[in-house]
Amino acid sequence: MGNTLMIMRRELASYFATPVAYVFIVIFLIMAAAMSFYLGGFYERGIADLEPFFVFHPWLYLFLVPALGMRLWAEERKSGTIELLLTLPIKTGEAILGKFLAAWVFLGLALALTFPIWITVNYLGDPDNGAILTAYLGSWLMAGGFLAISSCLSAATRNQVVAFILAVVVCFLFLLSGLPMVLDLFRGWLPQVLIDTIARMSFLEHFNALSRGVIDVRDVVYFSLVIGVWLIANRVVLEMKRGG
Amino acid sequence: MIEAKSLTRRFGSLLAVDRLSFEVEAGEVLGFLGPNGAGKSTSMKMITGYLPPSSGTAVVGGHDIVSDSLAARRLMGYLPEGAPLYGELSVGQFLAFVAGIRGFAGRDARSAVSAAVDRLDLHEVFNQTIDTLSKGFKRRVGLAQAILHDPAVLILDEPTDGLDPNQKHQVRRLIRSMAEDKIIIISTHILEEVEALCSRAMIISRGRIVADATPTELVRRSRYHNAVTLMADRLETAASVLGELDEAREVEIREGRLTVFPSGRGRLYEAISRTLAEEGIEVSEIQLEAGRLDEVFREVTREEAA
Ligand SMILES: Nc1ncnc2c1ncn2[C@@H]1O[C@H](COP(=O)(O)OP(=O)(O)OP(=O)(O)O)[C@@H](O)[C@H]1O
Ligand SMILES: [Mg+2]
């Protein structure tokens, strides 16, 4: 565990040593605000809750999380530091987890910095703060899912742009897999069981309840599984691609 | 001890390292030599546990690098080719990270870092961002990272590449000062470095060992070994007279110098001095050669290519 934390700290130090962290946070905040005010009609609805804020998070993460995750492994491979890292006496899993956690904590920080909107709704009305907290945690959990996908795909290439595009595409599929449009693509050549499974894999579907402050254990388990499975895949990809 | 057992690595159809087997004992400084693409770095990557071998293995201090990789890696310090570093960090931050991973905490970590900083003379750049360092300083940070935990085994891939002559000298001195109780493997293209530093030289070509001996022994294989090279006023005359000597096998004039190769009979140097004096040929420079490592290098690596 100690190694994981040390890797996480080193990674976070790298974020804040460059403008990347600050640029990311600023863009994240601007986009989060723009989406909830313009697209979500935050004021016009006249209801004191944060639904118009949370409902756009999947779309916000679709581009921003791959942008953060693309460098996780691609950059290590490109600069050769992966050789340094993986010849230190640490387990590959610790390296993966440490880097993932750093990015996830960082996303959590960006998310936490949206607190003015929470203060605003409390000022305007009398929202259910428990539900808002749940929605925040749900959003962070979903961000973790996007991030695990991005991290895994970042290990597949040394080119960050390729890693970004791959991650956006896969995240997009995970977002949309519940929509009829996407399911139609599979209908006819995949058995119904698989189609149902695909439908149930959708991030939107599982975030829906969480974003309204409703904790369903299945949703929490779902996102935790997504993170776990993609991080295991990350390990497999990394081992396969060693020195390649 | 390091024991490589048929260490092999393929990249697709390319056989980069071909059944490499050797043993290295503590106290040895082994120089890896070989043309570009010979497989030096690939071998080092396998020994340090980065690249899994396609077949074969190596045992470092009793730990197999494949099945007991973590324990093997604990014993080693490694400077990868090109000295990759986390460029966004400062030298201090980076070394503190490595110290942490190497199991140092608190005061121990600080003293390990400051010992490494002392040995590589990194004080003036301690708080500087690595990306902004000159190439030589980066290389020294890479070396500091490798020796930080005073490892029993040091694997250094081209440690003096890109260093100025003073720095080269300093790094060689550092390596020599650590050599006594360690195993050190360095790869280099600088042949004088091998003669100055290594107790053993291994020439690799196309993934195979083509020579493995002490530098002195290798040099003896040179056709220049015990040859006499001289500069004189009437070089052509000297050449024809000396070529007649029973002690000489052949003569060669190259770049204004005459080299006489020994036939193995009698003492060449004395015979030459005597003959030149008799002929009244003025000699401005004369030297008995130990041999030329670069010539041996070319010879053994060309043989292989043919
Ligand atoms: N990841 C890789 N994928 C494919 N081929 C590789 C890879 N790494 C090395 N090779 C090939 O393996 C061979 C050995 O390379 P290696 O880097 O070990 O050579 P080297 O002896 O260190 O050379 P140099 O003196 O130039 O550093 C080369 O032909 C190289 O192109
Ligand atoms: Mg090399």
Side-chain angles (χ1 to χ4, degrees), chain A residues 1-24 68 71-99 102-103 106 155 158 160 235-244, chain B residues 9-12 16 41-42 44-54 63 65 68-90 92-105 109 129-131 141-142 145-146 148-149 151 155 157:
Chain A
M1 197 58 208
N3 287 340
T4 307
L5 287 181
M6 276 184 278
I7 290 166
M8 180 179 115
R9 272 193 13 218
R10 195 221 51 76
E11 190 80 3
L12 279 171
S14 279
Y15 287 3
F16 288 100
T18 60
V20 173
Y22 307 99
V23 170
F24 183 90
L68 184 71
R71 49 166 295 289
L72 281 175
W73 291 101
E75 188 177 88
E76 295 256 3
R77 293 259 306 278
K78 179 101 187 169
S79 69
T81 47
I82 190 168
E83 209 173 318
L84 201 70
L85 184 65
L86 297 185
T87 53
L88 288 171
I90 53 167
K91 300 196 180 89
T92 311
E94 291 172 332
I96 291 173
L97 199 59
K99 287 173 76 75
F106 180 74
R158 64 179 61 214
Q160 294 196 34
R235 203 200 131 107
V236 172
V237 172
L238 205 61
E239 295 295 0
M240 250 167 44
K241 284 275 184 169
R242 253 178 206 243
Chain B
R9 176 73 201 199
R10 283 192 183 77
F11 293 109
S41 300
T42 306
M44 289 180 152
K45 285 175 195 187
M46 287 193 282
I47 294 169
T48 52
Y50 175 64
L51 265 186
S54 304
H63 303 286
I65 53 151
D68 194 8
S69 166
L70 220 49
R73 278 184 270 158
R74 269 191 205 106
L75 298 179
M76 286 186 273
Y78 176 38
L79 174 74
E81 187 169 35
L85 301 164
Y86 289 110
E88 319 83 27
L89 302 184
S90 73
Q93 276 177 314
F94 175 69
L95 293 179
F97 164 68
V98 175
I101 294 284
R102 290 291 183 186
F104 296 98
T129 306
I130 291 173
D131 267 339
V141 174
Q145 161 277 128
L148 194 104
H149 56 302
I155 313 267
D157 202 345

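Values in this document were obtained by computation on a predicted structure and should not be read as measured data. Throughout, a chain's letter reflects where its sequence line sits, starting with A, and its residues are numbered from 1.
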(request) Below 4.5 Å from any heavy atom of chain A, which atoms of B:Leu70 appear? Answer side chain, backbone, both or neither. (result) both

(request) Step through the shown structure and confirm whether more than 12 heavy atoms of other residues, nucleotides or ligands are within 6.0 Å of CZ on B:Arg74. (result) yes

(request) Measure A:Glu75 against the heavy atoms of chain B and call it side chain, backbone, both or neither at under 4.5 Å. (result) side chain

(message) Tell me which of these, B:Pro84, B:Ala96, B:Gly77, has more heavy-atom pairs under 4.5 Å with chain A than the rest.
(response) B:Pro84

(request) State whether the side chain of B:Arg73 and the backbone N or O of A:Leu88 hold a donor-acceptor pair below 3.5 Å, judged by distance alone. (result) yes

(request) Can you spot which of B:Tyr78, B:Tyr50, B:Phe94 makes a side-chain contact (heavy atoms from CB on, under 4.5 Å) with A:Leu84? (result) B:Phe94

(request) Could you give me the CA-CA distance, side-chain angles and deciding distance for B:Glu88 and A:Ser14, then say whether side chain to side chain donor-acceptor pair (under 3.5 Å) is met? (result) CA-CA 6 Å; B:Glu88 319 83 27; A:Ser14 279; 2.6 Å; yes

(request) Can you tell which part of A:Thr18 gets under 4.5 Å to a heavy atom of chain B, answering side chain, backbone, both or neither? (result) side chain

(request) Between chain A and each of B:Met76, B:Arg102, B:Glu81, count heavy-atom pairs under 4.5 Å; write down the option with the most. (result) B:Arg102

(message) Taking the side chain as everything from C-beta on, heavy atoms only, tell me whether B:Leu89 gets closer than 4.5 Å to A:Arg10.
(response) yes

